[in-house]
Amino acid sequence: GFDATTPLTIGYMEYAGRSMPAWHYDGSLDEIALYYEALTAGEVLQHYNSVRARALTVGVSGSGVTNVTGTTPHDRFSNVTVLATPDSGWLFDYWLLNDTGVGSENPYTVNITDNFNLTAVFVPGAHTYLVVRGLDDSIYYRIYDSTGDTWGNWILLPGATCDSPATAVYQNQLHIVVRGMDESSLWHGYLSDPDDPSTFSSWTPLSGATPSAPVLTSNDTALCLVVRGWDDRIYHRCYTGSWGDWYAVPTGATGDSPAAALLGNDLHIVVRGMVGNSLWHTIVSCDGSGSPIWAYVDGATLSKPVLAA
């Protein structure tokens, strides 16, 4: 509450036989402390930190390191630059400053206006999986590693297929459904650890048959298989650790593989119509309930459509 125009008089008390004259200060004042005896270096630093310094505490979430760690004092209004470096297989995602997201710029500079907690958030590196039918009808897959922007080697799986495989990740497992070499049967297998081909489950035959390539789609709650039947109708079933029943979409038909995407409990399906290469869309429930309605989608295609959600 003082300023340069207000005189400040500082009183004193005698202590252990010592006395000091009265003080008079004419100026602005931020902090003041009077001592009878010299302070140690540690006491000076402690007093300085209590008056001028502010604390920056740097931590991590996930797996990685920062060039500034723990709690360190810094001059008020100074800038401190912190660099986050992820561990192998991890990615730096974003910063939290006092538990509030402040973006993903890396390194990040903090202006020390107050005490701050800065957290570098790291997440596991994402993998993308490519699954194909080889020229020899064998089934191959390879992995794209986002942490190194590189493709791994092709990996051969057991079995063979006459058509494009269907694949989707569900509960961190890579699921694959293929048509058998009899050009009709359906087979399911999965890699419990997609990075390790030795974790492949082996192929399990599924009831049902299709004249076209199958389609898989998934979210956090289910894996759904959608196929064109031999009667050109559209059928679907879901997997949540085991396969549920087949459900036929009550109406509609297609001469090609359907497209499908799972959004919540809604299974979106788009097909080519039986006439004129037209496109049609419907939404069905995973449990087969309801009465879905087909809606015409403006446009046409000579190839099977593809959906993503």
*For side-chain contact (heavy atoms from CB on, under 4.5 Å), just list the numbers for Leu225 and Val215, CA-CA rounded to whole Å, side-chain angles, deciding distance to a tenth of an Å, and then say yes or no.*
CA-CA 6 Å; Leu225 172 63; Val215 175; 5.9 Å; no
*Derivation and outcome, side-chain hydrogen bond (donor to acceptor under 3.5 Å, both in side chains), residues Thr254 and Asp256*: CA-CA 6 Å; Thr254 185; Asp256 207 341; over 6 Å; no
*asked:* Quick check for you: to the nearest 0.5 Å, what is the distance between Leu206 atom CG and Ser185 atom OG?
replied: 9.5 Å
*Heavy atoms of other groups near Asn79 CG, more than 12 under 6.0 Å*: yes
*asked:* What I'd like to find out is whether the side chain of Asn98 reaches to under 4.5 Å of the side chain of Phe116, using heavy atoms alone.
replied: yes
*Does Asp149 CG have over 12 foreign heavy atoms under 6.0 Å away?*
yes
*Indicate whether any N or O donor in one side chain lies under 3.5 Å from an N or O acceptor in the other, for Thr199 and Asp196.*
no
_Surrounding CD1 of Ile293 (heavy atoms of other residues, nucleotides or ligands, distance under 6.0 Å), is the total greater than 12?_
no
*Check step by step if side-chain contact (heavy atoms from CB on, under 4.5 Å) holds for Val270 and Leu279.*
CA-CA 7 Å; Val270 170; Leu279 290 166; 4.2 Å; yes
_Could you walk me through whether His281 and Ile269 satisfy the side-chain contact (heavy atoms from CB on, under 4.5 Å) test, starting with their C-alpha distance in whole Å, then the side-chain angles of each, then the deciding distance to 0.1 Å, before giving a yes or no?_
CA-CA 6 Å; His281 168 243; Ile269 300 174; over 6 Å; no
*How about Arg142 and Asn153: does a side-chain donor come under 3.5 Å of a side-chain acceptor?*
no
_Are Trp90 and Phe122 an aromatic pair, judged by ring center distance below 6.0 Å?_
no
*Please name the pair of heavy atoms, one in Ala120 and one in Trp95, separated by the smallest distance, quoted to 0.1 Å.*
CB-CZ3, 3.5 Å
*Taking all heavy atoms of Tyr296 and all of Asp298, pick out the closest pair and write down the distance.*
CE2-CA, 3.8 Å
*Is the closest basic N to carboxylate O distance between Asp163 and Arg179 below 4.0 Å?*
yes
Let me have the donor-acceptor pairs involving side chains of residues 243-253, under 3.5 Å, with sequence neighbours excluded, atom names and distances please.
| residue | atom | partner | partner atom | Å |
| --- | --- | --- | --- | --- |
| Trp243 | NE1 | His188 | ND1 | 3.3 |
| Trp246 | NE1 | Ser207 | O | 2.9 |
| Trp246 | NE1 | Ser207 | OG | 3.3 |
| Tyr247 | OH | Asp287 | O | 3.3 |
| Thr251 | OG1 | Trp294 | NE1 | 3.4 |

*Joint hydrophobic cluster, Val131 plus Trp151, side-chain heavy atoms closer than 4.5 Å*: no
_Flag, side chain of Ser201 to backbone of Tyr190, donor-acceptor distance under 3.5 Å_ = yes
*When rounded to the nearest 0.5 angstrom, what is the spacing between OG1 in Thr113 and CZ in Arg54?*
9.0 Å
_Centre-to-centre under 6.0 Å for His127 and Tyr144, is that the case here?_
no
*asked:* Check this for me: Asp220, atom CG, are more than 12 non-hydrogen atoms of other residues, nucleotides or ligands nearer than 6.0 Å?
replied: no
*Verify whether one side chain among Trp280 and Thr282 offers a donor that lies under 3.5 Å from an acceptor in the other.*
no
*Exercise: do Arg228 and Ser212 side chains pair donor with acceptor under 3.5 Å*: yes
*When you measure from the side chain of Thr167 to the backbone N and O of His175, does any donor-acceptor pair fall under 3.5 Å?*
yes
_If the test is side-chain contact (heavy atoms from CB on, under 4.5 Å), which one of Leu174, Leu191, Ile155 qualifies with Phe200?_
Leu191
*Taking the six-membered ring for Trp, are Tyr141 and Trp154 ring centroids under 6.0 Å apart?*
no
*Give a yes or no on whether Val102 and Val110 share a hydrophobic cluster (residues Ile, Leu, Val, Met, Phe, Trp, Tyr; joining criterion: side-chain heavy atoms under 4.5 Å apart).*
yes
_Using side-chain heavy atoms (C-beta onward) and a distance below 4.5 Å, is Val58 in contact with Thr66?_
yes
*Any side-chain donor paired with an acceptor under 3.5 Å for Asp87 and Ser63?*
yes
*His74 side, atom NE2; Asn111 side, atom CG - distance, nearest 0.5 Å*: 12.0 Å
_Stepwise side-chain contact (heavy atoms from CB on, under 4.5 Å) check, Cys224 with His236_ = CA-CA 7 Å; Cys224 289; His236 65 94; 5.9 Å; no
*Do we see a donor-acceptor contact under 3.5 Å between the side chains of Thr109 and Thr81?*
yes
*Which heavy atom of Pro165 sits nearest a heavy atom of Ile176, and at what distance?*
CB-CG2, 4.2 Å
